Amino acid sequence: MTQRFSTPIFTLMGEYENAQQLDAVFSAMADATRRAILARLAESDARVTEIAGGFTISLNSTSKHIRMLERAGLVRRSVRGRDHVLSLDATQMQSAARWIQRYQPFWEDRLASLDAFVTRKRVAANQGKKNR
């Protein structure tokens with residue numbers, strides 16, 4: 001069965017900026033270290049050095065991950081004296097979640113088809129056992 005999507009497969013000019021932001025969010029969240037940083041910041045704000053202390057990588061490497069999260073708009077930095085304090089900004093995650101939700105009907109249909117297939121096979125197998 002071929003399914004048609006109502007969403008065009010190309011990006012319209014007005015949507016290009018949103019597509020770039022979505023790309024940045026997904027790229028930032030694609031790395032396990034960056035997801036761990038986001039998880040830590042979901043608990044509370046933290047200084048850069050506190051975040052870096054939770055990883056076996058260098059402070060410089062951690063800072064590179066943090067900058068990528070900042071560019072994606074997922075993390076905000078405020079400077080308080082000598083401390084650089086990071087905060088989670090999950091606004092851009094909402095855009096990503098909305099994009100993913102567009103595919104929910106597709107996956108629900110696929111899972112329903114799989115469930116129906118497995119149920120038919122199970123019923124057929126049970127009937128085969130009864131007829132023996």
Side-chain angles (χ1 to χ4, degrees):
M1 170 173 125
T2 303
Q3 185 169 359
R4 300 225 184 251
F5 292 99
S6 61
T7 306
I9 60 172
F10 54 89
T11 303
L12 301 174
M13 288 297 285
E15 297 175 359
Y16 187 70
E17 287 181 33
N18 292 338
Q20 284 183 320
Q21 182 59 36
L22 197 58
D23 289 348
V25 169
F26 281 124
S27 292
M29 293 190 307
D31 182 81
T33 300
R34 291 190 289 271
R35 288 192 306 272
I37 292 170
L38 293 173
R40 168 57 183 86
L41 292 174
E43 296 171 10
S44 67
D45 294 355
R47 294 184 348 252
V48 171
T49 52
E50 291 172 336
I51 296 292
F55 298 100
T56 58
I57 58 177
S58 69
L59 175 61
N60 189 39
S61 293
T62 304
S63 292
K64 288 179 182 180
H65 285 294
I66 291 168
R67 281 193 299 277
M68 185 165 192
L69 292 168
E70 287 177 306
R71 283 192 300 271
L74 298 170
V75 170
R76 300 280 176 236
R77 180 188 305 246
S78 60
V79 180
R80 300 176 191 157
R82 297 176 117 192
D83 292 330
H84 289 236
V85 179
L86 304 175
S87 304
L88 175 66
D89 184 351
T91 306
Q92 296 300 327
M93 286 184 194
Q94 292 174 334
S95 299
R98 280 193 300 275
W99 186 86
I100 290 170
Q101 284 177 331
R102 290 184 2 199
Y103 296 93
Q104 184 175 352
F106 169 79
W107 287 110
E108 286 176 350
D109 179 54
R110 295 290 184 175
L111 290 172
S113 296
L114 178 61
D115 182 51
F117 174 78
V118 170
T119 301
R120 282 193 309 272
K121 287 289 195 180
R122 189 175 295 146
V123 167
N126 288 339
Q127 287 177 347
K129 288 179 184 177
K130 289 180 183 178
N131 292 336
R132 289 182 189 173

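On a predicted model such as this, the values are computed, not experimentally measured, just so you know.
Using a 4.5 Å heavy-atom threshold, the side chains of Leu38 and Arg34 count as separate. At a threshold of 4.5 Å between non-hydrogen side-chain atoms, the residues Val48 and Leu86 count as touching. Side-chain contact check for Thr62 versus Ile66: some heavy-atom pair is nearer than 4.5 Å. Taking the side chain as every heavy atom from C-beta outward, His65 and Ile57 approach each other to under 4.5 Å. Contact check for Arg80 versus Arg47: no side-chain heavy atoms found under the 4.5 Å cut-off. Looking at Ile100 and Trp107, their side chains never come closer than 4.5 Å, going by heavy atoms from C-beta outward.
Nearest approach of Ala72 to Ala24, heavy atoms of both residues: CB-O, 3.5 Å. Nearest heavy atoms, Arg40 versus Ala46: NH2-CB, 3.4 Å. Here the closest non-hydrogen pair linking Ala96 and Met29 is CB-CE, 4.4 Å.
Here Leu74 contributes atom CG and Arg35 contributes atom CZ; the two are 12.5 Å apart, rounded to the nearest 0.5 Å. To the nearest 0.5 Å, the span separating CD1 on Ile51 from CG on Leu59 amounts to 11.5 Å. With rounding to the nearest 0.5 Å, the separation of OG in Ser27 from CG in Leu69 is 11.0 Å. For the atom pair NE2 of His84 and OG of Ser63, the computed distance is 9.5 Å after rounding to the nearest 0.5 Å. The structure places CG of Leu114 at 9.0 Å from OG1 of Thr119, a figure rounded to the nearest 0.5 Å. Note that the CD atom of Gln94 and the CD atom of Gln92 stand 9.0 Å from one another [nearest 0.5 Å].
Side-chain contact check for Arg98 and Ser95: at least one donor-acceptor pair (N or O, by modelled atom type) lies under 3.5 Å. A side-chain N or O of Thr91 and one of Asp89 form a donor-acceptor pair less than 3.5 Å apart.
Not a single donor-acceptor pair under 3.5 Å links the side chain of Asp83 to the backbone N or O of Val85.
Hydrophobic clustering (side-chain heavy atoms under 4.5 Å, transitive across Ile, Leu, Val, Met, Phe, Trp, Tyr) groups Leu88 together with Val25.
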